[in-house]
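These values consider heavy atoms only, across backbone and side chains, with no hydrogens, waters or symmetry-generated copies. Residue numbers start from 1 in every chain, and the chains themselves are labelled A, B, ... in the order their sequence lines are given, proteins ahead of strands.
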Amino acid sequence: MTAPSCLHDYFVRSAQRAPRAPAVIEPGGGAISYGELDALSDRLRDRLAALGVTRGDRVGLYMRKSIDTLAVIFGALKAGAAYVPVDPGAPAARGAYIMSNCAVKVVVIEAEYEANFRSEIEKLGPVPGMFVIDGGAAGMGASTALDSADAKHKAASVKTVEAEPGDLAYILYTSGSTGRPKGVMLSHENAMSFVDWCSETFEPQADDRFSSHAPFHFDLSILDIYVCMKHGATLVLISESLGKDAPRLAQTIADERITIWYSAPSILSLLAQFGDLPKRDYAMLRQVLFAGEVFPVKHLRALCELWPRPRYFNLYGPTETNVCTYYEVPTPIPVDRTKPYPIGYTCSHLRSRVVDDRGLDVPGESEGELCIAGRGVMQGYWSLPEQTAKGFHVDSSGTRWYRTGDIVTEAADGCYTYLGRRDRMVKRRGYRVELGEIEAGFYRHARIKEAAVIAFPDEEAGVSIYAFLSCHDVKHPSLIEIKRFCAENLPLYMIPDKFLWLETLPKTSTDKIDYQRLKVMR
Amino acid sequence: MSDAVSEKIKDYLMREFLPGENPDELTTTTPLITGGILDSIAALKLVIFLEEEYGVAFEAHEVNRENLDTIARIVQLLIAKKPAVAQ
């Protein structure tokens, strides 16, 4: 048998090997086997092809996480397209911007989002094709929509596209410094090299049950979906509301006998505090992986005490490289430890170095910016050649090093410790938040004159975001009004924790907002 | 009196999540979750407050937008759980 040549090959081979094995479970909803998911995604491939999708196109996903969504993902990949998932809970204008920005050929959308999305995207130019699915359990929404489309005009069966390693597999949009999200382009090779590294490191088996906690527009989902499917294991979908509800989630992890858990640390902290973990049986749980932000040691220690059995891994990496370093946390954690754990060692499919402002290697264990090269590194940002060029440092041998923007130190044994961000990007609840994007959001409010957003370290929450604002009128908008405005214009995780109104914001000699002075004004 | 219950919840929300806000701005129909005032952690804190204050218990599935989005709905849910609250 030849080696798999593209990302969906992993799934297709598992489906051929064990078609009756359970592929995906929606707790309290339905389940689908590998064979059924393969067949459903074949039908979606054919429908997408009938709607004009060909190799190299993009297919938008405007859906909540479900079995249907996974079928659409594999359908899009099989049709040769890259999928572009957006958060259906975020303002429709944001989703429409993303779909329009990367010119998707077709958007697969849940019925309840269609009207809002359509009215937003119509403002931006040509409207892409739409395939509308009713939200329903266990793949019923997609198959009903396919049946009714086939009844009108049957989609011809087409061959699954064998993608080339350099073809795009998905585009994930992250917070952008200009106030607009930017699309990180990841190829089949990028994803496969990461998935293979995971196989080597975590040694998953067909009887593993993976959590799918992260939403599909978040890069943690890549490990969940593809590592699980490559090994013929079962993926347990955690919906957005279940994912935030610590007591119910704790019960689900036990009931669904999850063996490999992966999420941002924030929900694990909540599970340790509110999950009532000693009451339940977690004998099956063997690995707990976390990534996306620093795990406060206090909460990690509590979790390790409540769940003493699994191995714990701290994974680190921006969306542009996916995981690039990892560290296995030795347990139990000493009671006097307060220092966060290192981000660890470079993954075997990547190379790393630490450089100064000029791109030169720093000596010994000095601080510097972590740069990453290798098969896992993104191709660039969608239609942003300048930002792509800025994101890389090209050395004399022509190697492209992705500049993570993270300041680290490297110990003599190659273990990295994270110190902070080079620019103004912070992590909040596992999400990357560009403070400039929040500011840009405020400027859309008619009455706001100036906005400056600053993140302060916070012992409980990791980071606390303050908005300093001034307005055109004497009386500023009420706190309730401004929070509502934020809720309508920004994803929830970007809404600042505190709002401070000033008559005017302090300025530097060059008339720029003086952030240093604001920092001491809170 | 359910008015007294509303006032008590309002005081709590003002104190915990809207410090410095003009109390007149927060009415019984102001959207709390969809309006960005309560995030998931804040909603959990509110539920703990209600459980302690009124001696009621919330099921996990009740902690959602439908039940907690306005003071009026919170009062309704409390009364449904414990009619004596309205006395």
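- Contacts with chain B (heavy atom to heavy atom, under 4.5 Å) involve these residues of residues 482-499 of chain A, listed by number: A:Lys483, A:Arg484, A:Ala487, A:Ile495.
- For A:Glu240, the CD atom is loosely surrounded, since the number of other residues' heavy atoms within 6.0 Å does not exceed 12.
- Atom CZ of A:Arg522 has more than 12 heavy atoms from other residues, nucleotides or ligands within 6.0 Å.
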Acceptor/donor pairs from residues 68-79 of chain B side chains to any protein atom, 3.5 angstrom cut, sequence neighbours excluded:
| unit_1 | atom_1 | unit_2 | atom_2 | d |
| --- | --- | --- | --- | --- |
| B:Asp69 | OD1 | B:Leu32 | N | 3.2 |
| B:Asp69 | OD1 | B:Ile33 | N | 2.6 |
| B:Asp69 | OD1 | B:Thr34 | N | 3.0 |
| B:Asp69 | OD1 | B:Thr34 | OG1 | 3.4 |
| B:Asp69 | OD2 | B:Thr34 | OG1 | 2.8 |
| B:Thr70 | OG1 | B:Arg73 | N | 3.1 |
| B:Arg73 | NH1 | B:Glu66 | O | 2.9 |

Let me have the donor-acceptor pairs involving side chains of residues 49-60 of chain B, under 3.5 Å, with sequence neighbours excluded, atom names and distances please.
| unit_1 | atom_1 | unit_2 | atom_2 | d |
| --- | --- | --- | --- | --- |
| B:Glu51 | OE2 | B:Phe58 | N | 2.8 |
| B:Glu53 | OE2 | B:Lys8 | NZ | 3.0 |

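- The contact list for residues 468-481 of chain A toward chain B, using heavy atoms and a distance under 4.5 Å, reads A:Lys475, A:Ser478, A:Leu479, A:Ile480 by residue number.
- Only the side chain of B:Asp39 comes within contact range of chain A, judged by heavy atoms closer than 4.5 Å.
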